[in-house]
Amino acid sequence: MTLIFIVIGCLLGLLVGFLLPTIPYSASTYLAIAIIAALDSVFGGFASYVKKNFDMKVFVSGFFVNAILAMLLTYLGEKLNVDIYLAAIIVFVGRMFNNLGIIRRYFLYKLDEKSQAKKSSKIKDSTTENK
Amino acid sequence: MRKEKSFRIIMAIICFILTMAITLQIRTMTKKTSTVSSGTQNSDLVDSLLEWQEKYDKITKKLEKSSELLESEREEAANQDQEKQEKTDELKKYNMLLGLTDVSGEGITITAKDGTVNKATDNISSYLVHDADLREIVNELANAGAEAISINDQRIVSSTSITCAGNIISINGEKVSSPFVIKAIGNQESLYGALSRPGGYIALMKEDLPVDIKKSNNIQIKKYTGAFTKKYIKSTSDKE
């Protein structure tokens, strides 16, 4: 059910994204950094969901505040002539890989558990047959 | 139950925002990079070029607004005074002749396109519209009494140059490319007659290229958007 909502949201976003006029080129740096920040939040949310300490408030506030902060930092960097957005990207992408690792481990663990269960049930079966 | 519902809606909203932003960004990037050459390595140069282009567009729009304002102010000021009224009319007339206002009237439209090469042995160059072709046409139009001429909305004014710039043609410093739509205002019959005469330049061009001449009663020609420079010229009649 939640998946349906997510898919609908994605499709709507795709549609609106295609219909909206393209943004000016100088603003695209900000949008890019905001996208990276938002993606980081999404992966972070997924990872915390997997770890079972998911909090909606933390997730939503992280999504928006991180994106806005990243844009502000980029703006500051532009004013100071320092590419601060590079630091933001490194942090965000680094965290993204971390979270992806957590998610991967979770699924690997799950898979492992399943095969283990299958094996044990098979052994049980064979033992009952032998009897 | 309520918590579940709000969770779903928030998820949907977040996915919506994220995908929208990503599509927008991808569209912006593909659109912007395709206007420059696609294989460009030097992204810094591309960046600054695009920024300047944006600035240029903005400034041009501002200029347009300002000149509109100037025009309305002038009219307002002239409304009260007969003498000023005359001066304004004169100014308007000269601006029109200089090519600084949009004009319309009867005239002809010539459309010239690059031809298609049929045989491998053909000389490709003879199937392209060259700067010299355009100069020749403009010359013939002016000779036939055209009062205003434009090529792809580039007004031909006193400072206009038509030059070859690689695979495109530069007119007034702006790039134009095939198909070329040449508009001219003047006596329809004499313009048409002069341009379509047998043995004329267009008849010659027609051997290799698709050239089309059309008469029209309402030709719209846009104003010259560039700037006139007067760094070196001085009026000889003005005594200080």
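Below, all heavy atoms of this structure are taken into account, side chains as well, without hydrogens, waters or symmetry copies. Reminder, nothing fancy here: chain letters follow the sequence lines and each chain counts from 1.
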Completion exercise
Distance col, row A:Leu31:CG vs B:Gln25:CD, nearest 0.5 angstrom, shows 4.5 Å
Problem - Region of A:Leu15 that comes under 4.5 Å of a non-hydrogen atom in chain B - result: neither
Practice task
Would you give the length of the straight line joining atom CG of B:Leu24 to atom CG of A:Leu20, rounded to the nearest 0.5 angstrom?
Solution key: 6.0 Å
Handout entry: Contacting region of A:Val42 [heavy-atom separation from chain B under 4.5 Å]
Key = side chain
Completion exercise
Output for pair (A:Ile6 CD1, B:Leu18 CG), nearest 0.5 Å, gives 11.5 Å
Handout entry: Least distance between heavy atoms, A:Gly13 atom then B:Phe16 atom
Key = N-CD1, 3.3 Å
Completion exercise
Bottom line for A:Leu19: the part with an atom under 4.5 Å from chain B's heavy atoms is backbone
Practice task
Taking the side chain as every heavy atom from C-beta outward, state whether B:Ile17 and A:Phe63 have any pair of such atoms under 4.5 Å apart.
Solution key: yes
Problem - Side-chain touch B:Ile14/A:Phe59, heavy atoms, less than 4.5 angstrom - result: yes
Exercise for the section: Please determine, among A:Leu39, A:Val60, A:Val16, the option with the most heavy-atom pairs under 4.5 Å with chain B. Expected result: A:Val16
Problem - Heavy-atom donor-acceptor pair, B:Arg8 side chain to A:Ile4 backbone, under 3.5 Å - result: no
Practice task
With rounding to the nearest 0.5 Å, note down the distance linking CG in B:Leu50 to OG in A:Ser28.
Solution key: 9.0 Å
Exercise for the section: Look up atom OG1 in B:Thr19 and atom CG in A:Leu14, then write down how far apart they are to the nearest 0.5 Å. Expected result: 6.5 Å
Handout entry: Side chain, backbone, both or neither of A:Tyr30 within contact of chain B (heavy atoms, under 4.5 Å)
Key = neither
Handout entry: Part of B:Ile13 lying under 4.5 Å from any heavy atom of chain A
Key = neither
Exercise for the section: Determine whether more than 12 heavy atoms belonging to other residues, nucleotides or ligands lie under 6.0 Å from atom NZ of B:Lys215. Expected result: yes
Problem - B:Met20 side chain reached by A:Phe18 side chain, heavy atoms, under 4.5 Å - result: no
Fill in the blank from the handout: Under 4.5 Å to a heavy atom of chain B? For A:Ile8 that would be neither
